[in-house]
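Everything on this sheet refers to the single structure shown next.
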Amino acid sequence: MADTTDNSAPRKSSWKHIGPGIVVAATGVGAGDLVATLVAGANFGHTLLWAAVIGCVVKIALAEAAGRWHLATGRTLFDGWASIGGWTTVFFVVYAVVWGFVYGAAAMSSSGLPLQALFPGVMDLEWWAVATGLAGLVFVWFNRYAVFEKVMTVLVGVMFLVTVYLAIRVVPNLGDLLAGLLPVLPDGQDSVLNTLGLIGGVGGTITLAAYGYWVNAKGWTGPGWMKIMRLDNRVAYATTGVFVVAMLIVGAELLHSSGIAIASGDKGLVQLGDILEREYGAATAKFFLIGFFATSFTSLIGVWHGVSLMFADFVARYRTKRATTGEEVAEGRREKSWAFRGYLLWLTFPPIVLLFQGQPFRLIIIYGVLGAAFMPFLALTLIWLLNSSRTPAEWRNGIWSNAMLAVAGLLFLVLCVKQIWDQPWADFF
């Protein structure tokens, strides 16, 4: 349920109100993002630190725009998309169904990996994955936003302690670290695309669009909450920045300096646990695996809650044929709806089949294309909405907002084209 209304919005922003930002930061940074940053550090040392920082700034602009739409208009983001045209609804529905099906299996597998490493011989990975998916389902099904936020905050605290501890443990070279803030491209083939991938990859998912829904679920439903939302958003991506920088340091100091290569998928973090055990002992390795689990499980329950909330909003608008408002989200109606719980079930049970039978080749290609297309879709539609009469004049985009959203849209469009180009289309047909 909402904790307050716009009429009781405080005049000054305060740290005690921070919440949705922590949720979006925790959900957006998954195990895949951490290992991508780790690999970047292993391959290029501290050279791409500046790119990781820019990536966080880009995400601040996107999440702020999503939150501003919800607060300034009183309407939900899906309602804004629907006002642009029916094609946005088609895209969202196809995306939600296909992406949710494949992502559900990936999220469960990622959460099961560290548990299997922490408790070897207890169960196979597939059953650990099923257990985490069911745990996420039960938790989100029976708890409203307030409890969800508190649990996410605790898990973020664990992630923060683990990543910062590791960064300190490997003894970073401060000179090299500061030099990494200079915008220099690494040597080697595809250095530009690798750099763009790092900027766009970390924390860049549908959860950026869910941020406005979490803002409303917190009880922030009008322009009076705008300053607090902006502080909350900056804290979110400052936190993301800490995670990214810490893992880049670990990659640079522990792997790059020793010439150690790790896998690019989630299993790369299990490999890192083995390396940490050899270098610093079993306690450090287990501490890291706990942080790995916190990182993966926050992404799982964050998507279970946030994307289900968006799907429930889509269904509500489709059924009523009227504008959907942030007030309805704040009242907790969406979290109790059959659409919310139906999408929760979709994220959990059908993907279990993929855990045991493998992922269909053509479906994975479609998943990759849809996933790559969502971020430019988000950036470009936010530019559209926040420069139009749909948004009150006071809260429309300024030069800075338009510039950042345009940069984000162009960046993600380039990455989308590359993703589509790299798919094995010959085998698809």
Side-chain angles (χ1 to χ4, degrees), residues 28-49 51-52 55 102-103 105-120 124-126 128-129 132 158-159 162-167 169-170 172 186 188 190 193-195 197-205 240 242-280 282 284-300 355 359 364 368 371 419 422:
V29 180
D33 298 309
L34 291 189
V35 79
T37 312
L38 189 69
V39 169
N43 291 339
F44 307 116
H46 298 92
T47 305
L48 290 180
L49 178 61
V102 180
Y103 179 83
M108 287 187 275
S109 180
S110 180
S111 297
L113 267 173
L115 293 176
Q116 185 189 36
L118 281 166
F119 306 103
D124 291 337
L125 173 60
E126 292 82 3
W128 279 117
T132 60
V158 174
M159 293 165 60
V162 170
T163 53
V164 171
Y165 167 77
L166 289 178
R169 193 75 171 84
V170 299
D190 294 333
L193 289 175
N194 285 328
T195 302
L198 182 61
I199 293 173
V202 178
T205 69
T240 300
V242 170
F243 298 150
V244 170
V245 170
M247 292 308 287
L248 194 77
I249 290 171
V250 173
E253 299 292 347
L254 183 61
L255 305 179
H256 181 71
S257 59
S258 303
I260 300 172
I262 63 169
S264 58
D266 291 347
K267 290 184 179 179
L269 292 183
V270 177
Q271 285 181 264
L272 179 61
D274 295 336
I275 295 166
L276 288 169
E277 184 168 4
R278 289 200 306 267
E279 296 289 333
Y280 304 111
T284 296
K286 290 188 182 301
F287 188 48
F288 165 72
L289 289 171
I290 291 170
F292 176 7
F293 171 73
T295 301
S296 297
F297 195 62
T298 51
S299 292
L300 187 152
L355 293 174
Q359 299 178 345
I364 296 305
Q419 178 79 356
D422 289 343

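Remember, it's a predicted structure, so these values are computed and weren't measured experimentally.
- Take I275 and apply the side-chain contact (heavy atoms from CB on, under 4.5 Å) test, not counting sequence neighbours, and it matches L254, L255, I260, I262, R278, E279.
- With sequence neighbours excluded, the residues satisfying side-chain contact (heavy atoms from CB on, under 4.5 Å) with D422 are K418.
- With sequence neighbours left out, the ring-ring contact (aromatic ring centres under 6.0 Å, His included) criterion links F288 to no other residue.
- A search for ring-ring contact (aromatic ring centres under 6.0 Å, His included) contacts involving Y280 returns nothing, not counting sequence neighbours.
- Rounding to the nearest 0.5 angstrom, the gap separating the CG atom in D33 from the CG atom in L38 is 12.5 Å.
- Scanning for side-chain contact (heavy atoms from CB on, under 4.5 Å) contacts around A51 gives L48, T195, L198, I199, with sequence neighbours left out.
- To the nearest 0.5 Å, atoms CD (Q116) and CG (D124) are separated by 7.0 Å.
- Under the side-chain hydrogen bond (donor to acceptor under 3.5 Å, both in side chains) criterion, the residue pairs touching residues 286-298 are S110-S296, with sequence neighbours excluded.
- Partners of F292 according to the ring-ring contact (aromatic ring centres under 6.0 Å, His included) rule, which considers only residues two or more places apart in sequence or in another chain, do not exist here.
- Under the 3.5 Å distance criterion, the side-chain polar atoms of S109 are left unmatched by any main-chain donor or acceptor of A105.
- In this structure V245 satisfies the side-chain contact (heavy atoms from CB on, under 4.5 Å) test together with L49, I249, sequence neighbours excluded.
- Using a 4.5 Å cut-off on side-chain heavy atoms (C-beta onward), Y103 and S299 make contact.
- Partners of D274 according to the side chain to side chain donor-acceptor pair (under 3.5 Å) rule, which considers only residues two or more places apart in sequence or in another chain, do not exist here.
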